[in-house]
Engineer: 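Quick one: the structure is below, questions incoming.
Atoms within a ligand are numbered from 1 in the order they appear, just like the ligands themselves. Since we're looking at a predicted model, the values are computed, not measured.
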Amino acid sequence: MSDYVKSPISGRTMNRPLLISSLIRNADRYFGDVQVVSRLEDGSIHHYTYSDCHRRARQLANALAGLGLTIGDRVATLGWNNYRHLEAYFAIPGSGLVLNTINPRLHVDQIAYIADHAEAKCVLFDLAFLKQAETIAGECPSATHFVAMCDPSQMPEKTGIPNLICFEDFLAAASDDYEWPEFDETAASALCYTSGTTGNPKGALYSHRSTMIHSYAEVMPDAFNISSRDTIMPVVPMYHANAWGLPYASALAGAKLVLPGPMMDGESLYELIEGEGVTFSAGVPTVWNGLLDHIKENGLGFSTFKRMNIGGSACPTAMMKAFREVHGVDVIHAWGMTEMSPMGTICTLQARHADLPEEDRQKLRETQGHPVFGIDMLLLDDQGVELPWDGKTTGNLFVKGPWVIDSYFKDAEGSALQDGWLPTGDVVTISPQGYIKITDRSKDIIKSGGEWISSIEVENVAQLHPDVQQAACIGIPHPKWSERPVLVVIARSGATIDKADVLAFLDGKIAKWWMPDDVRFVETIDLGPTGKVLKNKLRDRFTDGDAISKHNSPAPDALEQNHAIRK
Ligand code: AMP
């Protein structure tokens with residue numbers, strides 16, 4: 001900030017800080033009777049209103065202050081998407097504390113690492129995560145207060161946590177008379193750790209200002225298009241990148257909120273969608289297969305569900321088409337990262353696309369979209385030379401914007417940046433109109449004979465095969481070509497499909513030299529804690545020295561030829 005040019009004349013507008021507390025005050029004042037619905041751990045459904053949420057958030061703020069916590073202190077949560085977690089989303093940053101959402105699906109050592117690195121003083125947890133909370137209690141000296149998010153009757157009888165507090169008792173003993181404090185909008189609001197596949201997680205520390213600008217941007221029509229007429233169901237967990245900002249954007253817009261708790265199976269999601277009139281939802285691709293299967297098996301349809309935002313990993317074309325063409329739900333592809341709060345690009349079509357043939361419109365929908373206003377992009381090659389936005393040239397994507405981090409928590413200011421830009425680690429093409437297509441994560445791209453094969457593209461085509469439930473393409477070391485692609489496939493239950501079928505299906509749909517050297521059938525593919533395929537695990541599983549030579553390795557001549565064809 002400090003090296004910006006200072007004008008001798010300032011605007012004469014009020015310098016009101018952008019604070020998260022304003023969101024819940026707004027939701028209460030203007031949409032106080034709008035419902036917040038939660039699925040609880042026992043499967044029951046809990047209803048209350050934004051007014052109730054605001055009252056309890058004020059009680060929680062008072063209760064946390066009663067523990068002696070003061071501005072800037074970190075409070076960790078281990079929670080599902082539910083109303084108590086939502087209260088924490090407002091009470092903690094609203095009162096100047098920092099909300100440190102921890103992903104409970106991480107290994108307990110990583111959970112303890114995060115709480116310790118964040119120096120969390122207090123931990124709020126859902127009962128399902130008692131074990132994780134106990135680990136923090138044992139290994140994290142800063143954490144001296146633990147609150148179980150449950151009723152008194154549900155309190156665990158035996159626990160390794162001394163002086164465990166019951167959330168409902170904690171609230172009942174606190175007054176709802178609380179004035180949200182005003183402080184500098186650059187104050188930290190939330191600390192979300194990235195779930196990297198190697199090394200320790202790294203903390204993205206958002207501010208009130210960055211979160212508020214992100215919320216304004218998120219509701220825009222070419223972003224998530226959220227209004228007071230919507231019913232929003234964030235399937236993306238509240239422990240992952242602030243549930244993509246949806247709890248805050250919903251309170252800003254006054255939209256009804258439906259929090260699905262732990263139950264992500266097709267039947268439970270369908271029950272909430274139809275029962276509560278959900279109009280919009282968002283989540284990673286893997287979650288939606290169950291919902292698609294459920295409606296297919298039971299011959300069901302949607303009556304209110306109109307739009308869904310899929311991101312976090314590339315959305316398979318087959319999934320996009322099934323929702324859109326069979327069930328009338330517009331799938332909007334999006335890309336982002338924890339480091340970007342997380343919204344980056346969103347794929348809505350524009351007036352200039354209205355007359356395109358449907359096939360071209362579909363091709364466009366399969367891209368990750370164009371940047372939300374506020375995000376700037378740069379495309380560079382490995383030497384740092386700027387590349388053209390022609391929709392063909394692949395390069396490394398860099399971003400800038402008011403909700404993009406400049407360093408990880410506890411690292412030197414600006415240390416995450418290169419010449420002021422954040423390297424995303426994603427390899428993309430950018431069209432002249434600014435639509436990005438993610439080719440790969442830079443570490444997952446398959447480098448064959450000095451050229452790049454997009455694992456995402458190969459997977460996407462393979463997943464169009466009706467008998468393929470899921471496909472993941474990985475690069476396996478090869479003595480001559482450095483790496484060659486191997487396709488790992490989960491077949492649909494009951495399907496009889498073999499390697500030759502898959503290869504025949506791919507033939508002609510991808511470049512010849514992109515054809516996988518082998519197709520391996522598996523029962524399961526390991527997913528990371530945020531639903532992404534763990535490709536490093538897959539690579540370990542299938543790098544057995546001579547994986548390629550043993551299995552269907554094309555004769556060197558053929559490969560030679562394939563590379564020659566490409567050139
Ligand atoms: P995370 O910080 O865990 O949300 O992961 C961010 C990373 O997920 C990005 O850098 C991308 O590699 C990947 N990602 C997010 N959205 C998409 C998408 N729509 N298509 C492909 N990859 C995606």
Engineer: Cation-pi between K509 and F505: NZ/CZ under 6.0 Å from ring centre and within 45° of the ring axis?
Structural biologist: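 Here K509 passes the 6.0 Å and 45° test against F505.
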
Engineer: Taking only heavy atoms of W335, which atoms of ligand 1 are found under 4.0 Å from at least one of them?
Structural biologist: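 Checking each atom against W335, I get 9 (C), 11 (C), 14 (N), 15 (C), 16 (N), 17 (C), 23 (C).
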
Engineer: Among all residues two or more places apart in sequence or in another chain, which pass the ring-ring contact (aromatic ring centres under 6.0 Å, His included) test with F409?
Structural biologist: H117

Engineer: Could you check which of M340, H333, M337, H240 puts a non-hydrogen atom nearest to atom 3 (O) of ligand 1?
Structural biologist: H240

Engineer: With atoms numbered from 1 as shown, which atoms in ligand 1 lie under 4.0 angstrom from a non-hydrogen atom of T338?
Structural biologist: 1 (P), 2 (O), 3 (O), 4 (O)

Engineer: Which one holds for A334 and ligand 1: side chain close, backbone close, both close, or neither close, with close meaning a heavy atom under 4.0 Å?
Structural biologist: backbone

Engineer: At a 4.0 Å cut-off, with the gap strictly under it, does some heavy atom of P342 reach an atom of ligand 1?
Structural biologist: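 The answer is no, since P342 has no heavy atom less than 4.0 Å from ligand 1.
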
Engineer: Just to check, does D426 reach to within less than 4.0 Å of ligand 1 when the distance is taken from its heavy atoms?
Structural biologist: yes

Engineer: Looking only at the aromatic ring of each residue, does the gap between the centers of F305 and F280 stay below 6.0 angstrom?
Structural biologist: no

Engineer: Measuring centre to centre across the rings, with the benzene-like ring taken for any Trp, is Y113 within less than 6.0 Å of H107?
Structural biologist: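 Judged by ring-centre distance (under 6.0 Å), Y113 and H107 do not meet the cut-off.
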
Engineer: Which one holds for S313 and ligand 1: side chain close, backbone close, both close, or neither close, with close meaning a heavy atom under 4.0 Å?
Structural biologist: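 Backbone only.
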
Engineer: Under 3.5 Å, is there a donor-acceptor pair between the side chain of H327 and the main chain of V329?
Structural biologist: no

Engineer: Classify the ring geometry between W80 and F129 as parallel (under 30°), tilted (30 to 60°) or perpendicular (over 60°).
Structural biologist: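 The rings of W80 and F129 sit tilted, inter-plane angle from 30° to 60°.
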
Engineer: Looking at non-hydrogen atoms alone, which of G312, A204, G336, A314 comes nearest to atom 6 (C) of ligand 1?
Structural biologist: G336

Engineer: Do ligand 1 and K532 have nitrogen or oxygen atoms that lie under 3.5 Å from each other?
Structural biologist: yes

Engineer: Short list, please: which atoms of ligand 1 are under 4.0 Å from a heavy atom of Q368?
Structural biologist: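 So the atoms of ligand 1 that pass are 18 (C), 19 (N), 20 (N), 21 (C).
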
Engineer: Is S341 reaching over with its side chain to a backbone N or O of W403, donor-acceptor style, under 3.5 angstrom?
Structural biologist: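 Confirmed, S341 side chain pairs with W403 backbone.
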
